[in-house]
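Written below as structure tokens is the structure these notes are about.
Scope of the values below: all heavy atoms of this structure, side chains included, with no hydrogens, waters or symmetry mates. Just follow the structure's listing: the first ligand is 1, and inside any ligand the first atom is 1. By convention here, the first residue in the shown sequence is residue 1.
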Amino acid sequence: MSHLMNTYARLPVAFSHGEGSWLTDTEGKVYLDALSGIAVSTLGHNHPQLVAAITAQAGRLLHSSNLYRIPQQEQLADKLAALAGMDEVFFCNSGCEANEAAIKLARIYGHQHGVDKPATIVMEKAFHGRTLATLSATGSRKAQAGFEPLVSGFLRVPYNDLGAIRAIARYNKNIVAVMLEIVQGEGGINTAEVDFQRGLRALCDDRGWLLICDEVQCGMGRTGSWFAFQHAGIRPDVATLAKGLGSGVPIGACLTAGQAKGLFKPGNHGSTFGGNQLATTAALTTIGIIEQDGLIDRAVVVGRLIREGLAQGLAGNRSIVDIRGQGLMIGIELDRPCGELVTRGLEVGLLINVTADKVVRLLPPLTFSTDEASELVSRLTKLILDFLAAA
Ligand SMILES: *Cc1c(COP(=O)(O)O)cnc(C)c1O
């Protein structure tokens, strides 16, 4: 522990194994997992089909590098392109890397269109990662503090405010892209309004800007469609994925379509590990199981059960500001900071998260059952009501 760099405020628990939506710690205590390792463990823990697929792949070949063809990577690209209605895919290992690729694409696109200093519009409360460029795109001064000078070329606007974007466009001729999360995760489960999404798509078309959707957290079925942008019937030019894509095996992806297609040429971008045999097998298997078991439809149903159950259990309490989200990406906003709920949750065997200070965030595995949803609702309702009563 003493030799670990001090980058996380870790909770005093370590898990030894998991089964479905349940995790067991090293003392033998069992927890209901309503967080999935931050939207990562799409299939829950120890999914037999996933374990078999990655075990078999590990016994054949883990990695060859992108100096050679990787058939699983080609298959996964075909699959993702079909599911997203997009054209091309670049594979990397994480969300920030997928966003780095997207940001580089926007710049190369700008230069190709004669813009010397290409700029990307980003949102307040956005989270895009911790590398320098993605940190610069992130809308949190707290996360950025101490790391100046930040990467230039980002302009920030309030979320859901098309007027603000139009206003910037009137005087700034360097804009080449707009980047946003259709459902902001770290920012507190805030959803882009359908009219805003469609208006933004039209504005990007009109201006020749790339629309970049960061689906690192809200993608891969979590909100009840493969990708959150599909609810409004829009298609971005660039979409980024990671978290849930490999069900715990690290993998990220940057997808392109339309204007954003074909921008990178050999030598423009790359990744040593990106899309290796193990990671792409995990992602292909994850997608196969989501399809086979109808997990996206299930996310809609189970998500609604959780939100309705919480709304009922917490009804009439004036400290509950909002219960929101889509599918299995759910936020409960309180009228006060509530980080303490996370440790209180541990005590009662429940894994949840608090983000944006006042928002309880739930990201259960897509395999969550209706019984587990009821169990979550009853444990969490009591937890929140006890917390509010104690204050
Ligand atoms: C988690 C997250 C990222 C960063 O992903 P890493 O894998 O931690 O680099 C980027 N964007 C969104 C929306 C995220 O939720």
Are [X] and [Y] close enough for a salt bridge, meaning some N to O gap below 4.0 Å?
X: E291; Y: K79; answer: yes
X: R141; Y: E148; answer: yes
X: R361; Y: E186; answer: yes

Exercise. Less than 4.5 Å apart, any side-chain heavy atom of R336 and any of F387?
Worked result: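 Counting from C-beta outward, R336 and F387 do come under 4.5 Å.
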
Exercise. Is there a side-chain contact between L341 and V360 (heavy atoms, below 4.5 Å)?
Worked result: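 Yes; the side chains approach each other to less than 4.5 Å.
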
Heavy-atom distances under 4.0 Å decide this one: backbone, side chain, both or neither, for [X] against ligand 1?
X: N99; result: side chain
X: S94; result: both
X: H128; result: backbone

For this session: Please write down residue, atom name and distance for the protein heavy atom closest to atom 4 (C) of ligand 1.
Result: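 Answer, as residue, atom name and distance: C96 N, 3.7 Å.
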
Exercise. Nearest to atom 5 (O) of ligand 1, what protein heavy atom do you find, and at what distance?
Worked result: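 Checking every protein heavy atom, the shortest distance to atom 5 (O) of ligand 1 gives G95 CA, 3.3 Å.
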
Problem set entry | Any donor-acceptor N/O pair, K29 side chain to L346 backbone, under 3.5 Å |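 Pair found, side chain donor or acceptor close to backbone of L346.
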
Exercise. So is F127 polar-close to ligand 1, meaning N/O to N/O under 3.5 Å?
Worked result: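 Among all N and O atoms of F127, at least one is under 3.5 Å from an N or O of ligand 1.
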
In ligand 1, which numbered atoms sit nearer than 4.0 Å to a non-hydrogen atom of [X]?
X: K243; result: 1 (C), 2 (C), 3 (C), 14 (C), 15 (O)
X: E181; result: 13 (C)
X: D214; result: 10 (C), 11 (N), 12 (C), 13 (C)
X: Q217; result: 15 (O)

Exercise. With under 30° as parallel and over 60° as perpendicular, where do the rings of H269 and F90 fit, or are they tilted in between?
Worked result: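 Tilted: the ring planes of H269 and F90 meet at 30° to 60°.
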
